[in-house]
*Asks:* 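To start, I am sharing the structure in question, which I have written as structure tokens.
Basis for what follows: all heavy atoms, side chains included, without hydrogens, waters or symmetry-related copies. Atoms within each ligand, like the ligands themselves, are counted from 1 in listed order.
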Amino acid sequence: MEKDVLAKNALLAERNRGWLEGRQILALNVMSSPGAGKTTLLERTIERLSGDRPISVIEGDQATARDAERVRAAGAHALQINTGTGCHLDAQMIADGLRRLEPAAASLLVIENVGNLVCPALFDLGERFRVVVISVTEGDDKPLKYPHIFRTGDVLVLNKVDLLPHVSFDVRRFLDFANRINPRLRIFQVSATRGDGLDAWCQWLKSSMQTTA
Ligand code: MG
């Protein structure tokens, strides 16, 4: 049953990937626990980059349109998807969302997945990069406890580094664990609220958009 669902999803995800690549749209699938700061990171990213390129966002949450409203206020074109009792977005939801959102050619599309480290990791959405956001208010052993999302990720953003003096999070231990699970991860250490590391993160996004175009 689960195998059938995943096989069907993989097929639809490939279709999404082709659709996006054909339009030179760089698509990110952003995943994290609730409260790691995905939406805040997005707001700051949109403010910095939307002058360069149009940015579209697909927001996944079980309920409300709060995050879509936030990223819209920051300057993005946004669509909210509510999953009800569902714990993740799937490729069909993204296909439907793309039809409604109509993102511009050569733009950036950010998909903010439903907040948890388990189900979103199983479903390919057709993205180019999988971005995992972890905050320093979580445990530094997350890579060992939830290895699948780290193993299948391309980019790891460690957020809220401004809070490091106040928490027991050990950055070296965390990076060592993450590296053990997936040595190919590209890592950014940021504080979306204070601004640390956002230059490097936005620079990487810009150069990735150039290679997509
Ligand atoms: Mg959010």
*Asks:* What I want to check is whether the side chains of Gln92 and Asp96 have a donor and an acceptor closer together than 3.5 Å.
*Replies:*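 Yes, side-chain donor-acceptor contact under 3.5 Å.
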*Asks:* Within the structure provided, determine whether Glu59 and Ile81 are in side-chain contact (heavy-atom separation under 4.5 Å).
*Replies:* no
*Asks:* Around the Mg ion (ligand 1), list the protein N/O/S atoms within a radius below 2.8 Å, excluding water molecules.
*Replies:* Thr39 OG1, Asp67 OD2, Glu112 OE2
*Asks:* Looking only at heavy atoms, which two atoms of Asn9 and Asp124 are closest? And how far apart?
*Replies:* ND2-O, 2.8 Å
*Asks:* Any ion pair linking Arg173 and Asp140 (charged N to carboxylate O, less than 4.0 Å)?
*Replies:*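 Between Arg173 and Asp140 there is a salt bridge, with a charged N closer than 4.0 Å to a carboxylate O.
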*Asks:* Are Glu112 and Asp67 close enough that some pair of their side-chain heavy atoms sits under 4.5 Å apart?
*Replies:* yes
*Asks:* Cluster partners of Leu158, using ILVMFWY side-chain heavy atoms under 4.5 angstrom, listed by chain and number?
*Replies:* Met31, Leu117, Val118, Val132, Ile134, Val136, Leu144, Tyr146, Ile149, Phe150, Leu156, Val161, Leu163, Leu164, Val167, Phe169, Val171, Phe174, Leu175, Phe177, Ile181, Leu185, Ile187
